[in-house]
Peer 1: 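This is the structure I want to talk about, given as structure tokens.
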Amino acid sequence: MTKISTSFNDIVRIIQDGDTVIVGGFGLSGIPEKAIMALAEQGTKDLTIVSNNCGVDDWGLGLLLQNKQIKKILASYVGENKVFEEQYLNGELDVELVPQGTLAERIRAGGAGISGFYTPTGVGTPIAEGKEHKKFNGRTCILETGIVGDIALVKAWKGDSYGNLLYRKTSRNFNPLAAAAGNKTIAEVEELVEIGDLDPNFIHTPGLYVQHILKGENYEKRIEKRTVRA
Amino acid sequence: MTKISTSFNDIVRIIQDGDTVIVGGFGLSGIPEKAIMALAEQGTKDLTIVSNNCGVDDWGLGLLLQNKQIKKILASYVGENKVFEEQYLNGELDVELVPQGTLAERIRAGGAGISGFYTPTGVGTPIAEGKEHKKFNGRTCILETGIVGDIALVKAWKGDSYGNLLYRKTSRNFNPLAAAAGNKTIAEVEELVEIGDLDPNFIHTPGLYVQHILKGENYEKRIEKRTVRA
Amino acid sequence: MSTSREKIINRAVHEIQDGMTVNLGIGMPTMLANFIPASMNVYLHSENGLLGIGPYPHENVVDPDLINAGKETVTVKEGGSFFDNAESFAMIRGGHIDLAVLGGMEVSEKGDLANWMIPGKMVKGMGGAMDIVQGARKVVIIMNHVNKYGESKIRASCELPLTGSQVVSRLITDIAVFDFTDKGMVLKEILEGANLDMIRNKTEADFSVDKNITQKEGSS
Amino acid sequence: MSTSREKIINRAVHEIQDGMTVNLGIGMPTMLANFIPASMNVYLHSENGLLGIGPYPHENVVDPDLINAGKETVTVKEGGSFFDNAESFAMIRGGHIDLAVLGGMEVSEKGDLANWMIPGKMVKGMGGAMDIVQGARKVVIIMNHVNKYGESKIRASCELPLTGSQVVSRLITDIAVFDFTDKGMVLKEILEGANLDMIRNKTEADFSVDKNITQKEGSS
């Protein structure tokens, strides 16, 4: 009962038109670049994408935008992308901006079976409009709901055949949350290791969250802002 | 700005009569045994204890029960303790039974600034009585609230002067949740290491959650049910 | 002729399939672990923070930092992992556990379960049971069909306070297997040594009989 | 004579105390990191999942897996840690960040902040700002006192959509420092090159003047 697949093109066939897909990554760091490319090649349409950002014009989720595969996106920041701007202003793309912490917590809640939660984030702002308000110990909060994806696409550093995953540094970001919130989670890794090689005391994503795992080759890992010490 | 203390008796002075204290551990595994003993010696009264269990008669939180230091306890299972039973039946002890997953999530919510959340756990049972009910996608859930402690007492395996903590195997249990949910968190560890010795990629509790850290000597680590292979 | 307990365990172990993640309750359900075929790759979840429970340890490696939800010392199997209690119940509540097998005091024909308290007796607490019955994808209850006074534990409605309402997927007793469906409680199997009349006599709950009902060899 | 930006940064860095955990917003706030005295042990939090931001990397150790919330390549300091975004915002929302320093477009006399969108312009998103202003123990806004048309950015009430309502603890501009208290907005300090009349002229918001107001040397 290994969960290892060998072909990205094969595995993305489980993604169907109209699916909600939660995608790990922050900016371009830790994005599942191989699965996104295969999904772009497959051309699946009318996707609802849940991801903190939406890539850049020619990389990451930007590839799906260029193909007009995305119907709606939930994100906290979408400022690096001209294709996005065009489609949004044309009305081709539906956008729900979600505060970053609320987005993370909504995905975490989806994976954890928490239907809704109250947060002070966004109270008194446009984000709170139409949402249920409630006071706790004198502090007003708004009700936000959990997000579950038909599919989650995540990128990890190391993984094994059961789907246990380790992430590296800040490329962890939204990936463990996405992994838990997908009805089917596809994890791509830089390195596949043998069962038993990972220390059970230091697993970031336990294997039960992952349905499919693949090794990606030659990760490009583009850098958005290369800053170095003088 | 080291957070290292050297005396358990000194550090438990920050705990005052009437405080709410969240205590890590599951059964007797991973309990902060040194801090509990110092607190028993100090005799602080009218405590509200939040902990999955309440120790046994002569160990762990059972020591505080014997001293009649506990006014109220929130726990999921209290079946191993005769002193508990006596005080409960006498009306000396107020008990709020909380399903284990709800207890874990309430403590996690307290640490994470989530005031309340909806869970299906307990719907249709005595636990749901008097709680707000709400349907999400046709499923009824009840509203539960976050728990914050004046104090949290946790036990870890290794720690450093900033308060970064690692836990060992299943002694992790409620400890990381408690650490984040205490206004003041006291962490006791088996081993104090130098700053930089812990791999930043594999920290269980980041140091900002911990206000005081101490090394305990000669951990007793009692076993409730010693089961071995034939 | 096997005991009631053996019959229940022998039948219940067939609920466990290769590749499943399974939570076994304290007591009789825990014993199922010993009967899972070695050829199957099953991960057992322990709600105190362990996925991949291994066998009990040899005497020389008993570790107080490695216990199961029943507070017994255990080991961890290859590919296992440790995590905190919030993560553990995220797994449960989030529907990531394929199967939970728990004991029961009463089950109603609507699939309600009572297994945590008896009014008037000292309450020990529900532990993780209320979370597990709401969260696991499939909840199988194993218990004797009747109590020590010979009274049916399968009731029209539970008298004891509930652990969960309409949460049981399947009930396995020492004489029968029932499923809980949109059309009510359905008898699916008659176990060794039992027959339909016996089951009707010992069952207070109203149930229908599946037309493809199976009957174990040795049923009378 | 220093620039507005230098004045703001010089003043704002004094908000940072030894032992603090601090979140610095993108842009001018990020630059504060360069001015924290080396003697202080401060942990900088980056909401993408890093506690303990170090300096920018040397060319040969640039790592695409190690960035800050502004997507710049960084390093990690000793004692630092990496975690996921839910944990990162648990730190923020749960009140575990001592201080956040953010830029602003408008601040109102009630302590409202607007810094994320201008109606009619393409909206890029709020990122983590709405969470940070609600969650950090102390929220300090740094911005120029007036916009490029010379108009006050400190308003009776914000015209732009809010990032948070009554969330600002302290406002530091190129000429003044204000606190937001139960008694409204209070002028606490007059910075180098400024005076009370100038501040009154450039401030639309209503404020009182602290009786222990301090005035930097060089104030006119």
Side-chain angles (χ1 to χ4, degrees), chain A residues 1-4 22 104-117 145-150 152 156 158-167 176-185 187 192-213, chain C residues 16-23 36-54 63 65-66 68 74-100 128 130-137 139 164 167:
Chain A
M1 75 109 224
T2 175
K3 298 174 180 174
I4 299 175
I22 307 178
E105 191 67 13
R106 288 181 67 187
I107 301 171
R108 189 259 171 200
I114 298 294
S115 306
F117 59 88
T145 54
I147 298 174
V148 173
D150 299 300
K158 297 183 182 180
D160 66 25
S161 63
Y162 181 49
N164 289 307
L165 302 177
L166 302 186
Y167 307 93
L177 312 174
N183 285 332
K184 301 276 181 201
T185 291
L192 265 177
V193 301
E194 294 297 314
I195 278 278
D197 282 358
L198 303 178
D199 183 343
N201 211 37
F202 298 99
I203 302 286
H204 292 140
T205 290
L208 85 172
Y209 291 127
V210 174
Q211 281 68 48
H212 304 283
I213 185 165
Chain C
I16 300 173
Q17 307 290 326
D18 191 25
M20 273 189 172
T21 304
V22 180
N23 185 290
I36 301 171
S39 62
M40 281 192 191
N41 193 9
V42 169
Y43 281 83
L44 297 177
H45 176 266
S46 189
E47 60 266 32
N48 57 314
L50 163 58
L51 180 60
I53 308 175
D63 185 343
D65 291 338
L66 180 39
N68 66 15
V74 292
T75 55
V76 57
K77 78 173 225 165
E78 284 203 335
S81 52
F82 301 109
F83 33 82
D84 67 48
N85 259 256
E87 182 76 42
S88 186
F89 282 89
M91 294 174 178
I92 291 170
R93 211 188 299 101
H96 307 283
I97 305 294
D98 298 305
L99 172 68
M130 286 188 183
D131 308 279
I132 291 170
V133 296
Q134 287 291 347
R137 287 176 179 233
V139 174
V167 293

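Predicted, not measured: the structure shown is a model, and the values here were computed from it. Letters go in sequence order (proteins before strands), and every chain restarts at 1. Keep in mind that the numbers below use all heavy atoms, side chains included, and drop hydrogens, waters and symmetry copies.
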Peer 1: Look up atom CZ in C:F82 and atom CG in A:D199, then write down how far apart they are to the nearest 0.5 Å.
Peer 2: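 Answer for the CZ-CG pair, C:F82 versus A:D199, is 8.5 Å.
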Peer 1: What pairs meet the side-chain hydrogen bond (donor to acceptor under 3.5 Å, both in side chains) rule with one or both residues in residues 74-84 of chain C, with sequence neighbours excluded?
Peer 2: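 Counting only pairs at least two positions apart or across chains, the side-chain hydrogen bond (donor to acceptor under 3.5 Å, both in side chains) contacts touching residues 74-84 of chain C are C:N41-C:K77.
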Peer 1: Measuring heavy-atom distances to chain C, does A:N201 have an atom under 4.5 Å in its side chain, in its backbone, in both, or in neither?
Peer 2: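 For A:N201, the contact with chain C is made by backbone and side chain together.
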Peer 1: Hey, which of C:M40, C:H45, C:M91 has the most heavy atom pairs under 4.5 Å with chain A?
Peer 2: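 Looking at each option in turn, the highest pair count goes to C:M91.
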Peer 1: Can you tell me which portion of A:I195 sits under 4.5 Å from chain C's heavy atoms? Options are side chain, backbone, both or neither.
Peer 2: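 A:I195 touches chain C through backbone and side-chain heavy atoms alike.
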Peer 1: Can you tell me how the ring of C:Y43 sits relative to the ring of A:Y162, calling it parallel under 30°, perpendicular over 60° and tilted otherwise?
Peer 2: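 Because their plane-to-plane angle is under 30°, the rings of C:Y43 and A:Y162 count as parallel.
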Peer 1: For C:Q134, which atoms come within 4.5 Å of any heavy atom of chain A: side chain, backbone, both, or neither?
Peer 2: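 When you check distances to chain A, no heavy atom of C:Q134 falls under 4.5 Å.
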Peer 1: Hey, which of A:G110, A:A109, A:G207, A:P206 has the most heavy atom pairs under 4.5 Å with chain C?
Peer 2: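 Ranked by contacts with chain C, first place is A:P206.
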Peer 1: How far does OG1 of A:T205 sit from CD of C:E87, to the nearest 0.5 angstrom?
Peer 2: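 Rounded to the nearest 0.5 Å, the OG1-CD separation comes to 7.5 Å.
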Peer 1: Quick one: side-chain hydrogen bond (donor to acceptor under 3.5 Å, both in side chains) partners of C:D98, sequence neighbours excluded?
Peer 2: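 Scan of C:D98 (side-chain hydrogen bond (donor to acceptor under 3.5 Å, both in side chains), adjacent residues dropped) gives none.
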